[in-house]
Protein chains: 2
Amino acid sequence: MSSPDSGQPVSFVSKTDMVVALIREMIITGELPEGKQLRQRDLAARFQVSQTPVREAMRRLESEGLLVGDAHRGFTVVEAELGPTEENFLIRAVLESLGASMAAPKINQEAIATLERLNEEMRQLAEDDPRYAELNREFHFVIYEHAHSPLLLSLMRLLWHSLRGGPKVARTRQESVAQHAKIIDALRAGNADAASTATYQHIMHVSHLDRP
Amino acid sequence: MSSPDSGQPVSFVSKTDMVVALIREMIITGELPEGKQLRQRDLAARFQVSQTPVREAMRRLESEGLLVGDAHRGFTVVEAELGPTEENFLIRAVLESLGASMAAPKINQEAIATLERLNEEMRQLAEDDPRYAELNREFHFVIYEHAHSPLLLSLMRLLWHSLRGGPKVARTRQESVAQHAKIIDALRAGNADAASTATYQHIMHVSHLDRP
DNA sequence: AATTGAAATATGGTATACCAGAACTGTCGA
DNA sequence: TCGACAGTTCTGGTATACCATATTTCAATT
C-alpha cells in the first residue's frame with residue numbers, strides 16, 4: 001500500500017483506533033440508528049481500510065456495550081432509549097460524582113487548563129447553539145479519562161449513548177457553566193469530596209430543571 | 001482444515017471467545033504474571049489458532065482493563081491487584097447501592113422470597129463450591145431487575161462481565177450471606193437508605209478483604 | 001395455495017502472507 | 001573503553017484469500 005497519508009501526525013494512529021472512534025461517533029450522532037446491522041465489508045470500504053481493523057473495532061465496541069454481536073449474524077447497534085430519564089440522571093449523577101472523586105487526586109494542570117478552556121467556550125456560546133452538547137460531553141469525558149479507569153469510561157460511554165439527544169437543559173446553561181467552574185476548582189485543589197459533591201449537584205440540578 | 005474436532009459442542013464456539021476465556025483464566029490464576037509481555041505468535045501456537053483470534057481477544061481484554069497495549073510494542077498484563085480492581089469494586093459498590101435504593105420501594109414479596117431462597121442456598125454451599133458465584137450473581141441481578149431501569153441493568157451486565165465473578169471473595173462467604181440478609185431486610189422494609197448502605201458496605205467489605 | 005426443503009448467496013470467522021516500525025546488537029570512531 | 005549509528009531481526013499491524021454457517025429464495029410436493 002502506498003496511501004498518500006494525508007497529514008498523518010507524529011505517530012500512533014492505529015487504524016483500529018480510528019475506526020473505533022468513527023463508528024462510536026456515528027452511533028452517538030445517530031447516523032447509525034439502533035438495531036442497525038453493521039456490515040463489515042461496507043464499513044471497510046467506507047473507511048478505506050480492510051476488514052481486519054473493522055472487526056477489531058467492533059470487538060472493542062462490543063466490550064463497551066455499544067454493539068452487540070452474534071456469531072455469523074453480525075453486529076448491531078444496541079438499543080439506546082432505556083427507561084425513564086429521571087432515573088437515568090440519578091445513575092449518571094452517582095457515576096459521575098464517583099468519577100470526579102477518582103480523578104481529583106490524579107488530574108494534572110494540563111487537563112485543568114483544557115477544562116477551563118472548554119467551559120469558557122461554553123460560556124460564550126449562544127443559548128441555542130447546538131455545539132454546546134458536544135463541548136459539554138467533551139468537558140465531562142476529560143474528567144472521566146483522568147480517573148484512569150477503563151471500566152468507568154466504558155460505562156460512561158454507554159450511559160451517554162442512552163442519554164443521547166436527551167438532556168434538554170435549554171435555559172440553564174449559564175448556571176451549568178458556573179457549576180462546571182465549581183467542579184474545576186475542586187479538581188484543582190485535589191479535593192475528591194468536593195468534586196464529587198459538586199458534580200452530583202450539577203447533574204441533579206439539571207435533571208430537576210429538566211422536568212416539565 | 002481437517003482437524004479431528006474432538007467434541008464439537010452444540011453451538012457457537014468462536015475461537016476468539018475461547019482465547020479470551022483462556023487468557024483471562026491464565027491471568028487470574030497467575031500463570032501470566034503482571035507485566036508479562038504477550039507474544040501473539042506464541043499464544044497462537046500454544047492455542048493452535050492463528051494470530052487473528054488472538055489479536056481480537058487481546059482487544060477485548062484491553063477494553064476490560066486486563067491488558068494494556070502500545071502500538072508496535074505489544075500487550076502486557078496489567079497489574080491486577082493494584083490496578084483497576086480496587087476501583088472497579090468502588091464502581092460496583094456505588095452502582096449497586098443505587099440499584100438497591102431504587103429497588104426498595106418497588107420490590108414485591110415474590111422477589112423477596114426468591115432472594116431469601118438464593119441466600120439460603122448460598123449458605124448451605126461448601127466454601128469452595130463453584131456454584132456460589134452463579135448464585136451470587138443471580139441474587140444481585142434479582143435486585144437490579146426490580147429497580148425497573150433497563151439502563152441500570154445494561155450497566156450492571158457490562159460491569160459484571162468485566163469483573164467476571166472474580167477469583168477473590170473465597171473465604172468470606174458466610175459473612176457475605178449475613179450481609180445479604182441485611183440487604184433483604186432493608187428491601188422488605190422498603191427502606192431505600194438502609195438498602196443502599198447495606199449494599200455499599202457489603203461490596204466494599206468484600207473488596208477490602210480481597211487485598212492480600 | 002401453502003409449506004417445507006434444498007440450493008445459492010451473502011456474511012462473519014479464520015488463516016496466512018506481507019508490511020512497517022521498534023528493539024537489539026555489532027562495529028566503528030572518538 | 002565508551003558511545004553512537006547502522007543494519008538486522010523480531011513483533012505487531014494490515015490486507016487478502018478462503019472457509020463455514022446462516023439466511024433467503026425458489027421450486028416441488030402435498
Side-chain angles (χ1 to χ4, degrees), chain A residues 1-23 26-27 32-33 35-64 66-78, chain B residues 1-23 26-27 32-33 35-64 66-78:
Chain A
M1 281 289 280
S2 62
S3 85
D5 272 346
S6 55
Q8 209 56 282
V10 279
S11 62
F12 72 89
V13 266
S14 157
K15 302 218 177 159
T16 298
D17 294 335
M18 192 184 75
V19 174
V20 165
L22 287 173
I23 296 181
M26 289 168 70
I27 293 175
L32 293 177
K36 172 74 172 181
Q37 280 270 344
L38 299 183
R39 302 300 175 200
Q40 299 183 351
R41 285 175 170 84
D42 294 349
L43 291 172
R46 158 137 37 156
F47 298 144
Q48 293 283 332
V49 298
S50 85
Q51 290 185 48
T52 312
V54 173
R55 291 186 50 73
E56 299 194 8
M58 285 179 166
R59 290 295 187 197
R60 297 234 315 234
L61 292 167
E62 185 188 27
S63 277
E64 289 179 12
L66 286 177
L67 298 181
V68 60
D70 296 315
H72 285 281
R73 295 183 58 179
F75 290 84
T76 56
V77 181
V78 80
Chain B
M1 279 287 280
S2 61
S3 80
D5 272 347
S6 54
Q8 198 61 276
V10 281
S11 61
F12 72 90
V13 268
S14 157
K15 302 218 175 159
T16 297
D17 294 334
M18 193 184 74
V19 173
V20 165
L22 287 173
I23 295 181
M26 288 167 72
I27 293 175
L32 293 177
K36 171 74 173 181
Q37 279 271 344
L38 299 183
R39 301 300 175 200
Q40 298 183 354
R41 286 173 169 85
D42 294 350
L43 292 171
R46 161 144 26 163
F47 298 144
Q48 293 283 331
V49 298
S50 85
Q51 290 185 47
T52 312
V54 173
R55 291 185 51 74
E56 299 193 8
M58 285 179 167
R59 290 295 187 197
R60 296 228 323 227
L61 291 167
E62 185 188 28
S63 278
E64 291 178 13
L66 283 176
L67 297 181
V68 61
D70 296 315
H72 284 280
R73 298 183 59 175
F75 290 85
T76 56
V77 181
V78 83

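Proteins get letters first, then strands, A, B, ... in listed order; numbering begins at 1 in each.
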Next on the checklist: Going by the rule side chain to side chain contact (heavy atoms under 4.5 Å, CB included), which residues pair with M18(B) if we only count those two or more places apart in sequence or in a different chain?
Outcome noted: L22(B), V49(B)
Checklist entry - Who are the salt bridge (Lys or Arg N to Asp or Glu O under 4.0 Å) partners of R41(B), not counting sequence neighbours? => result none
Atom pairs under 3.5 Å: protein N/O with N/O of nucleotides 12-14 of chain C:
from, atom 1, to, atom 2, distance (Å)
dG12(C), OP1, L38(A), O, 2.9
dG12(C), OP1, R39(A), NH1, 3.4
dG12(C), OP2, Q40(A), N, 3.4
dG12(C), O3', H72(A), N, 3.4
dG12(C), N7, R41(A), NH1, 3.1
dG13(C), OP2, R55(A), NH1, 2.6
dG13(C), OP2, R55(A), NH2, 3.3
dT14(C), OP1, K15(B), N, 2.6

Item to check | Residues that R55(A) engages under side chain to side chain contact (heavy atoms under 4.5 Å, CB included), provided they are two or more places apart | outcome: Q40(A), R59(A), E56(B)
Using a 3.5 Å cut-off and no angle test, enumerate the donor-acceptor pairs between side-chain atoms of residues 69-76 of chain B and protein atoms at least two apart in sequence or in another chain.
from, atom 1, to, atom 2, distance (Å)
T76(B), OG1, V68(B), O, 3.4

Checklist outcome for this item: Sequence neighbours excluded, the answer for side chain to side chain donor-acceptor pair (under 3.5 Å) partners of Q51(B) is none
